[in-house]
Amino acid sequence: MSNDRASTSPQQSGRLQVDAASKRFGHVAALSDVSLSVAAGEFVTILGPSGSGKTTLLKVIAGFEIADQGRVLIDQADITELDPAQRNIGMVFQNYALFPHMSVARNIAYPLAMRGTPKAEIATRVKQALDMVELGGMAERLPKQLSGGQQQRVALARATVFQPRLLLLDEPFGALDRKLREQMQIEVRRLQRRLGLTTLFITHDQEEALVMSDRIAVMDKGRVLQVGPPNEIYEAPANPFVADFIGESNIFAGVVEADGGNLLRVRLEQGPVIEVAGRADLAAHRGQRVRVMVRPERFVDLAADQNSVWANRIDGRVTDSAYIGVSDKYRVVTAEGIDVLMRLPSGPSSRRYSAGEAIAAGFHAADARLIAVQ
Amino acid sequence: MTLASTTAPVASRAWLRPGPFALTLPALLLLTLLFMLPLVRLFSLSFTGGFGWYEKALTGGLYTVILYRTFEIAGIVTFFSFVIGYPVAFLLATTTPKWRAIGFAFVMLPLWTSVLVRTYAWMVLLGRNGIINRMLIDSGLLDTPLSLLNSRLAVILGMVHVMLPFMILPIYSALTRIDPDLPTAARGLGASALRILTTIYLPLSLRGIVAGVTLVFVVSLGFYITPALLGGGKVMMYAMVIEQQVREFLAWNFAGALSVILLAVTLVMFWLLNQGVARHLRD
Amino acid sequence: MRTRREVLAATAAALAMPKVAFAEGEPPKPKQLIFNASGGSQIASLRENYLNDFEKETGIKIVDTSPVDFGKLRAMVESGNVSWNITEIGGQDGYRVTEMGLAEPIDAKIIDRSKFQPQAQMSHVFSPSCYSTVMCYRPDAFPKGGPKSWADFWDVKAFPGPRSMRNHPVDNLEAALIADGVTLEALYPLDVDRAFRKLDAIHKHVNVWWSTGQQPAQLLVDKEVVLATGWNGRFYDLIRKEAPLVMEWNGGILKQGSWVVPKGAKDQYWAMKTLAAMADPKRQAANAEILGYSGMHLDSNQYVAEKIRPLLPLYPDNLKKQVWLDQKWWTVNGAQIGERWNKWMLSKA
């Protein structure tokens, strides 16, 4: 139904480029030299804790704030100081910002009416938009007569009905319960693909970011720390903040003892030596202090696997254990006093450990990610 | 809906909610006792001897013309109170807390001074030897002073001055209840500043506007002191005629009939206004 | 402000005053009497000259209230809930209050009016003083001399400048007719049509139609108008304070200061006694010196300081130029003319 609309759309989605944007509020640097490119039709998530500058970045792109330095471009055109009304950017607000005094249909028609679209065309396009978000029968309702999920869809329809060159979503699922949120995540992604809309999505929920995005940009303290596809962000965090912010992680500190080839030998602060895969983009030499990350699920219970060869081995005692469903989660402390978090597969074929039991676990050098060198 | 309502801005939803009736019940009873009973008495007084008093009030031109002029003045005062009051309320609702405090002091100040003092201040300003005339003459723009005081203009100025806070306060209160994301969203959706005003601010502050307009209009209809002092006796208001009938001619039945007519016309007007607003809100 | 000499004179007069005599076998004394009047400087003078001594001699407290309100008087009498023991009424209402039965008859056994002016002999109204509606002007506006008659008041060519008159037909119809050439003797019954025709000529020169008594004097002081009608006492007060104003008695319209005991009021004996205290000529003279309203006792004028006498309405030279308002005529015609007045004002707006 709306596939044809997207394909006949006169205005294609745009390529967004933010060039070295900076913005200060008094003494606080909300954005410091932020650069980001989003390809046409791409879905990019800006992920970061609150106060990391992600909302400011969104406002600078939408035009509600003007950057102190740097530029914003859509399809090479500089829009840095263009009025928001002229930017043709759709935005869904955290609380939807639906106009309470207008029916669903009039809310969706609003951006079209502001552009002087003929009435007949408005009617058809509003109907298409309503069908697209499956709210065909709700046209005459007021926003307050809708559920949270329905309001969300109206906001989405309103932000896309005028074929914007860019769609901005500011934590739009914060108000929904978990199940509805997951459903909306899928729906938004499906809609975005169907319309081919370049989309910038803001969230502080790393799981949501991993599920939805083509690429993720991780922000902290006004800076973009890493941009990449979800698996890269998760598997190969560029620095300790990203490693820590996304997923669970063990971060060990130590000193490089040997740096031959692609492999490093690192003596941990507590004594033991582990093997770590080297990084082409991050050279580490003998004697340098480094930090290494191991994801909890990369550990293998050696009692269940005696055949494989493991580069690294942890011997310790379980101090806490929790059953999560998909896995068992353990806190293990080694004789040297190293604190390790592990997730081992659960199920009838796996052994369960209780607090106080001895445990031996192995992990590959490739699963030990070098994240910082001093 | 339950989930959404806990997080969505309360303000944007509360604008149509009916007030808690039960809580206002004691006040309603008191009002009934204080206002309804005398009203019933007035009503019965006005009908002694049939409709004769009403006939007198509605024929012969004099009282209907005064009624018409009273509504005209109340209408003009309401119009200017709105035209001046809305921007002031808007500035108060959108400015920084410091300027809001200063602005409010200026808005509330007239409420804390007596009507007589305020009226006298206008005499000092507008008089033949007043500040305005003296400035015009000293600057050589005029030879002889203008008759600003003791005119319909002076009455309207004085009344607008007295009534402004009653227009500003309800509109301000309605404006502050508007979720600030709404105008931002409208702007992002392509609305110009003027369209944001007409499609977002005005309709969402409509309740405040109706409250302000009603208050100013009704109170203006009953104005007595300001027109008498600033109008030089040339501006006649219905309330002045009623008072004259009661105090001077002791024609209470007739005063009753005049009062009932004023009340009835006022009620009908506001019923129509509310109908219009209700229809607008439904659309 | 009164000068020290005047205060001394007033005090001396008060000391010389005879004590109010009380008869044997009188009814029990109430704790207090409610005395309703115009308030302001008037009640201050009444207290100083009459009421304080009455309180001291009888032990009855006089509680004063205001304002004067004929409608309220009627409401009290008709509802039988009369809270005033004594009330002032407007000078034009003496006949009406009697006709409507709203006042008790004045008890000649308590109040001796044998030596009062003939205009102060009404059966139900006690008039210890009188006042006059006169014209007053700023002499600086008329360097060649001010207006001397109502005809001059109407002559806007010889006496140019904005004027002020009362927003009420009483006094204005009289003034208009006198300006039009009607003699004082032939004034009543008023030729209403002729009066309104004459008023047509002055209307647009009247800048302010005043509604409260202090307005005309204030308008003159503020230079808002140069010529105004008003009650002589209000001008008197400002002239004594050396305001640059001049009063013209010619064509002044006299009215009685009027007091009644409302019909059905409580403690009527003591109310009459209070009024009796106001019948003394010396006390009336002291009151006149403060307020500018002549005492109605025929002997009163001789107790007034000589230089003040020409400033009072009943001073013989002033009295002969003035006319007493016909209360009876106004009681009969007042409402109808009031309506006509409104209509006339409306037609000019």
Side-chain angles (χ1 to χ4, degrees), chain B residues 41 45 56-57 60-70 72-73 116 119-120 123-124 126-130 133-134 144-152 154-155 224-238 240-252 254-255, chain C residues 67-75 77-78 90 92-93 96-97 99-100 102 160-170 172 203-212 214-216 218-219 221-226 330-331 334-349:
Chain B
R41 167 101 178 103
L45 251 174
K56 181 177 154 117
L62 176 59
Y63 299 100
T64 47
V65 170
I66 296 174
L67 185 63
Y68 171 77
R69 297 239 176 117
T70 303
E72 199 178 59
I73 285 186
L116 277 168
T119 308
Y120 198 77
M123 295 183 173
V124 170
L126 301 175
R128 294 176 72 83
N129 278 291
N133 266 320
R134 220 173 303 152
T144 50
L146 289 173
S147 272
L148 301 170
L149 197 63
N150 304 307
S151 64
R152 207 163 120 110
V155 171
Y224 178 76
I225 299 172
T226 307
L229 291 182
L230 292 178
K234 286 169 265 185
V235 176
M236 225 181 287
M237 301 281 284
Y238 216 61
M240 294 157 85
V241 177
I242 294 174
E243 202 259 7
Q244 190 184 36
Q245 294 296 334
V246 171
R247 282 186 38 169
E248 213 180 305
F249 304 140
L250 308 178
W252 295 349
F254 186 47
Chain C
V68 172
D69 188 334
F70 202 87
K72 198 167 175 185
L73 170 64
R74 181 190 170 186
V77 173
E78 291 189 355
Q92 71 279 6
D93 285 329
R96 182 157 71 151
V97 83
E99 286 284 286
M100 291 180 75
L102 300 179
R163 286 140 161 81
S164 180
M165 297 177 93
R166 187 181 177 192
N167 188 10
H168 199 286
V170 163
N172 283 336
H203 182 277
K204 69 170 180 206
H205 303 284
V206 177
N207 207 14
V208 182
W209 296 92
W210 57 265
S211 49
T212 61
Q214 79 272 25
Q215 260 179 295
Q218 191 62 49
L219 289 163
V221 169
D222 292 346
K223 299 187 183 172
E224 199 60 40
V225 298
V226 296
W330 277 106
T331 301
Q336 187 202 337
I337 291 175
E339 204 154 285
R340 179 159 176 183
W341 177 265
N342 286 348
K343 220 174 261 182
W344 179 76
M345 284 298 273
L346 209 57
S347 72
K348 302 288 176 191

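Reminder, nothing fancy here: chain letters follow the sequence lines and each chain counts from 1.
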Geometric cation-pi criterion C/R96 and C/F70, 6.0 Å radius, 45° cone:
yes
Regarding C/R74 and the six-membered ring of B/W252, is the cationic atom NZ or CZ under 6.0 Å from the ring centre and inside 45° of its axis?
yes
Looking at C/L219, C/N207, C/V225, which makes the most heavy-atom pairs under 4.5 Å with chain B?
C/N207
Specify which of C/R166, C/K72, C/H168 makes the most heavy-atom pairs with chain B at under 4.5 Å.
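Result: the option with the highest number of such pairs is C/H168.
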Does a salt bridge link C/E224 with C/R163, judged by any charged N lying under 4.0 Å from a carboxylate O?
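Salt bridge: no.
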Which bit of [X] is near chain B, if near means a heavy-atom gap under 4.5 Å: side chain, backbone, both or neither?
X      : value
C/E339 : both
C/Q92  : neither
C/Q336 : neither
C/V68  : backbone

Heavy-atom distance under 4.5 Å to chain C: side chain of B/R69, backbone, both or neither?
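Only the side chain of B/R69 comes within 4.5 Å of chain C.
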Just list the side-chain donor-acceptor pairs under 3.5 Å for residues 340-349 of chain C, sequence neighbours left out, or say none.
unit_1	atom_1	unit_2	atom_2	d
C/R340	NH1	C/D193	OD1	2.7
C/R340	NH2	C/D193	OD1	2.9
C/W341	NE1	C/N167	OD1	3.0
C/N342	ND2	B/Q244	OE1	2.8
C/W344	NE1	C/D200	OD1	2.6
C/S347	OG	C/W344	O	2.6
C/K348	NZ	C/D200	OD1	2.9

For B/Y238, ring-ring contact (aromatic ring centres under 6.0 Å, His included) partners two or more places apart
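Applying ring-ring contact (aromatic ring centres under 6.0 Å, His included) to B/Y238 gives none.
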Could you go through the ring-ring contact (aromatic ring centres under 6.0 Å, His included) check for B/F254 and B/Y63 one step at a time?
CA-CA 11 Å; B/F254 186 47; B/Y63 299 100; 5.0 Å; yes
